[in-house]
Amino acid sequence: MTSDLHARHQELSDLIQRHRREYYLDDAPTIPDADFDALMIQLRQMETDHPELITADSATQQVGPSPDTLFTPVTHPSQMLSLDDAFSLDQVRAWLSRVVSSVSEEALAADGYMCELKIDGLAMDLVYVDGVLVQAGTRGDGRVGEDVMANIATIAAIPSRLKGQAAGMVEVRGEVFMPLAGFAELNRRLIEQGKKPFANPRNAAAGSIRLKDPAVTASRPLTFLCHGIGLTDTVMDTLEQTYEQFAAWGLPVSDRRRVVHTMDEIVDYIDQLGQDRPHLSHEIDGAVIKVNSIRLQDQLGATVRVPRWAVAYKFPPVEVTTKLIDIQVAVGRTGRVTPYAVMTPVVVAGSTVEMATLHNAGEVRRKGVLIGDTVILRKAGDVIPEVLGPVVADRVGTERAFVMPTHCPECGAELAPEKIGDADLRCPNTASCPAQVRERLIHLASRQGLDIEGLGEKAVRAIVDGRLIGDEGDLFSLTAEALATQPLFRKAQKTGGPVLSKTGAKILEQIQAAKSRPFERFLVALSIRHVGRGVAPVIAAAYPTIEGLRAADPEQLAQVDGVGPVLAASIHEWFEVDWHRRIVDKWLAAGAMSPAEAGGDEPVDLPATLTGLTVVVTGSIPGFDRDQANQAVVSHGGRAAGSVSKKTSVVVAGDGAGSKLDKANTLGVPVIDASQFVALLAGGLAAVTPAE
Ligand code: IVH
């Protein structure tokens, strides 16, 4: 019996160690994090019931796998510990009562507890001597990690030299991670290059830190936040004081940290974080609660693996398993044919998911999923759900491989890549493939475009599939009679011909009203590649009529401030296509698309939403290059500055934002995400919400 127990214990411990290696060293976990946690709980329970099972090499006694040999080993000045997990508030309460019963309650009450984010990245140990970064190591087994100094030096958020007085040595601990926007962009790039995308931001960060070429690491959108201190010559009384000192040294600290004094406040913090989680710019997997007083931390001490003065509250899992019922393909606005997973609906991170894109046929192969598989599904906050891969062990033999169609499922045209070597297949029937027409109409009617209320997916489907119009060119000629042929727009009545319902009448009215939208909205509505809400006003300002724009040659177009050669070529090429010109002619004939301003020749003034504001744009902003972004600021009445100072009104931080973003954070200048840039242009500071 006992030998049986020993064998089970050994097996479980080995299994956990194997998963740890896959997670930490290979950056390729094969089970969801929650399943790993469950294995760990099982092992701990076993050891609680049978303490004789605990040996030095049990997985419960170790922090991580021994470091790989790829990088030079580096010994941390002091051991890096892990954190004990709490999977419920009760477990946090239990931790708190242990703390309260171990040290003086008055002393605890004085400095309280530090609540902070549990960032899902990888731990780093940075050693500064006399203010200079001299060593950077991954956690490894806690004592010895990998020397990743060359790669760390490429991360803008990590200063190579501390500001002010920093005599002696200080061991700074923190998390290297990849914000969600940067992660999405990186994966998009990798897929485009036919490379394997990362399963999640944590793996992307870990993979990027362990690259052999720092130049490649430099191109990865990594950043850093401090979460602790090891050996130091600077005496600190509390963790809060430590973070303040870090900030003064120019090290990045989270401003979502909060010092609290009661369990109720800890619960509030966790609740609030749970609510904010979907809106954070990076992934977190929980909250960390720490005793704030350093003296009490020392008194409480640590086990071989974790400190007694801290606990990690883990949010419920965001990785689940579900059944892959089918893989279908969708045809997008530009004809791109995308396979997507159809799954048994499952709740992940607070919402029900039943579909997830699989990007392209190559991706389906790479993920190794078969129709009928149990798959691991992951969703981080409000980001797009992603199928990670199959649970191979669950296969029963009836699973079958996905076959990418050779012809468009909507119009039957033969699919082909746009250029040789492209991973994506497209439907070449751009003019009349019903799927493409539908998608263009949905785009046209969206807020960015002509903002036609009621013309959503359902209505568009009825209009296109009912063949009420051939393409968007016919939109403004849509009649009541035609609409009333569709049940969706028809009033139920016993006698007489079909009569338009309220919904039908409303749509017709909205379509007519859209005719007089500003010209720039029509530019967006035309689905010209690269012409979005941001640049359309710039184009409309220079070319206030469609005739003028059509006649412009690419060289002239490229002269316009804010329009580069790529955009100019794209506009010019768009007008070269017959059916595109027919759309324009039909719209003009229907009385739509009037010039931007009466008179037509005068350039329009853009709304002066940024008057009196100094805006710094840093990192990459989708849809704008740096000149275009600055130009857009100026043309909305603002001042575009190149560096951040106390006078800066707002910093727009895109992917890869570095020292300017840090400076803004240090100076307390409001920072907005790239995705809010257009809103800023349209509505000024009142229209945006600065990041935490
Ligand atoms: S403190 C002595 N604070 O979580 C305590 N760790 O599960 C050691 N992590 O290895 C770490 N956010 O990589 C601490 N605010 C935070 C954290 C944090 C993320 C990571 C860190 C650690 C792991 C333990």
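Both counts, for ligands and for their atoms, begin at 1 and track the order of listing. Values reported hereafter were calculated over all heavy atoms of this structure, with side chains retained and with hydrogens, waters and symmetry mates removed.
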For residues 112-119, tabulate all N or O donor-acceptor pairs below 3.5 Å that involve a side-chain atom, not counting sequence neighbours.
unit_1: Glu116; atom_1: OE1; unit_2: Tyr243; atom_2: OH; d: 2.8
unit_1: Glu116; atom_1: OE2; unit_2: Tyr243; atom_2: OH; d: 3.1
unit_1: Glu116; atom_1: OE2; unit_2: Lys290; atom_2: NZ; d: 2.6

Under 3.5 Å, is there a donor-acceptor pair between the Gln10 and Asp14 side chains? yes

Does a side-chain N-to-carboxylate-O contact under 4.0 Å join Glu11 and Arg8? no

Using heavy atoms and a strict 4.0 Å limit, residues surrounding ligand 1 turn out to be Leu81, Ser82, Leu83, Glu116, Leu117, Lys118, Ile119, Ala123, Arg139, Glu175, His227, Val288, Lys290, Pro307, Trp309

Cationic N near anionic O, under 4.0 Å, Glu265 to Arg258: no

Classify the side-chain pair Asp673/Ser675 by whether it contains a donor and acceptor separated by less than 3.5 Å. yes

Salt bridge Glu47-Arg44, side-chain N to carboxylate O under 4.0 Å: no

